[in-house]
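If you're wondering where the values come from, they're calculated on a predicted model, not measured in any experiment. Below, chain A is the first sequence line, B the second, and so on; all start at residue 1.
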Amino acid sequence: MMYWDLFLAFLISNLLGYGGGPATIPLIQNEVVNNYGWMSLSEFGDLLAIANALPGPIATKLAGFIGYEIGGVLGAIIALAGTILPSAIAVIILFKFVDLFKDSAEVKLMTKSVQPIIAVLLAVMAYQFFLTAFQSSGIIHLLLLTVLSFLTLIKWKIHPSLVIMGALIYGGVFLSGS
Amino acid sequence: MRLNPYVELSIGFARTGLTGFGGGPSTIPLIEYEVVKKYKWMSEDEFGDVLALANTLPGPIATKMAAYIGYKVKGGLGAIVAILAHILPSIIALIGLLGVLYAYRHSPIVSGMVLGVTPVIGFMLAEMAYSFYKKGHKGLGLSKMIIFTVISFVTMQIIGIHPGILIGAFLLSAFFIARQKKKAAKTTEVIIERKEKSL
């Protein structure tokens, strides 16, 4: 039953995620945290932080890790199958008919129409992380780290994994008492 | 000299999986380099076609590309080799790193590290939200984008409807609206043609 739940959770979040792996993050969070309660939001946050610091596609890193935590190696395989198989098989089969709908107006509008939903889901998640940071580390650390994130990631285009490492060190030094 | 195709698929996709930071979409140019320039499995045009098709389907983009390219080179087994080479190294690294972090979860230094990274993740998510908002603004126009954003927020966050139901509803209405528009465009063409004939 647990394996079936794992398969279903990752199947649903990836079938609904238009716009590649990043679009599926809030949908995976919805299944894993809100729906099945496999991990808390802060655990999901740690996972997201480390996953973002490593290379490779994000959706499969999340599926592999969560599947492994819940059901060992078999759990990881099942969660990955739910993530990858449907779209991988579809792209192989459908490429034969690619001219039929590559430029189809229906598909184009469908892809566009989902973007506001993904934007809202991501914004709500961002808000939850800021709220957690505000409650546990206070406004000064939150503001400082947010401004530093903006400067390093957007302005100076420093590599995300270096920024995350920097934040880990900052937290280890300045926030270990709280 | 060419190696065994399975070995080439493994090297090409392991390399892109290990050097692509920021999730699948940012890996696409790296995959294109391996597939088109280095191993010449397909032409640039064909790669563009596969990418366009993969973008119209849901789910992670990098694994869709790996599946199709692996399948093209060596059939079903090729697809499996390409996908696994692309995703396994980072999954194993993640399980190892988080295993260490979780083992020391109760140490004050580790909990401080987690607190330090929380605002950074918040910021990264906010930035992703902004880029989806921008894409939607460009594709749908400002007024529609604002209306859809408000609808999404109210139905999911205030009423508490599952995002899947909302996405399904949006997809269906987009499909029928696009279809209606096509029909409308055709009928006006027919009317214009008739008028021209009668003149």
Chain B contact via A/V91 - side chain, backbone, both or neither, heavy atoms under 4.5 Å: both
Side-chain touch A/Q115/B/L140, heavy atoms, less than 4.5 angstrom: no
Qualifying salt bridge (charged side-chain N to carboxylate O under 4.0 Å, His left out) pairs with a residue from residues 165-180 of chain B, counting only residues at least two apart or across chains: A/E106-B/R179
Leading residue by heavy atom contact count with chain B [cutoff under 4.5 Å; candidates A/A49, A/G64, A/A123]: A/A49
Proximal component of A/I154, with respect to chain B [non-hydrogen, under 4.5 Å]: side chain
Options B/F123, B/Y133, B/F176, B/F153, ranked by heavy-atom pairs under 4.5 Å with chain A, top entry: B/F123
Over 12 foreign heavy atoms within 6.0 Å of CD, B/Q157: yes
Contacts with chain B made by residues 72-80 of chain A (heavy-atom distance under 4.5 Å), listed by residue number: A/L80
Chain A contact via B/M65 - side chain, backbone, both or neither, heavy atoms under 4.5 Å: neither
Region of B/H162 that comes under 4.5 Å of a non-hydrogen atom in chain A: side chain
Student check: side-chain heavy atoms of B/I87 and A/P57 closer than 4.5 Å: yes
Residue part contacting chain A, namely of B/I83, when any heavy atom lies under 4.5 Å: side chain
Which atoms of B/M128 approach chain A - backbone, side chain, both or neither, heavy atom under 4.5 Å: both
Identified side chain to side chain contact (heavy atoms under 4.5 Å, CB included) counterpart of B/I121 within the set A/N52, A/T132, A/D46: A/N52
Residue B/K64 versus chain A: region with a heavy atom under 4.5 Å: both
NZ (B/K72) with more than 12 external heavy atoms under 6.0 Å: yes
Whether over 12 other heavy atoms sit under 6.0 Å from B/F47 CZ: yes
Interface residue of largest heavy-atom contact number with chain B, from A/P116, A/A90, A/A167, under 4.5 Å: A/P116
Proximal component of B/L101, with respect to chain A [non-hydrogen, under 4.5 Å]: side chain
Test item: B/M124 and A/I164 side chains (from C-beta on) under 4.5 Å apart, heavy atoms: yes
Any A/F65 side-chain heavy atom under 4.5 Å of B/I91 side chain: no
Greater than 12 external heavy atoms within 6.0 Å of B/Y71's OH: no
Heavy-atom side-chain contact between B/P163 and A/L121 under 4.5 Å: yes
Option among B/V117, B/L125, B/T118 that satisfies the side chain to side chain contact (heavy atoms under 4.5 Å, CB included) test with A/L48: B/L125
A/V173 side chain near B/I109 side chain, heavy-atom distance below 4.5 Å: no
Within 6.0 angstrom of A/K112 NZ, more than 12 heavy atoms from elsewhere: yes
Steps toward side chain to side chain contact (heavy atoms under 4.5 Å, CB included) verdict (A/T83, B/T63): CA-CA 9 Å; A/T83 302; B/T63 52; 6.0 Å; no
Contact class of B/L97 relative to chain A, heavy atoms under 4.5 angstrom: side chain
Region of A/Y127 in contact with chain B, defined by heavy-atom distances below 4.5 Å: neither
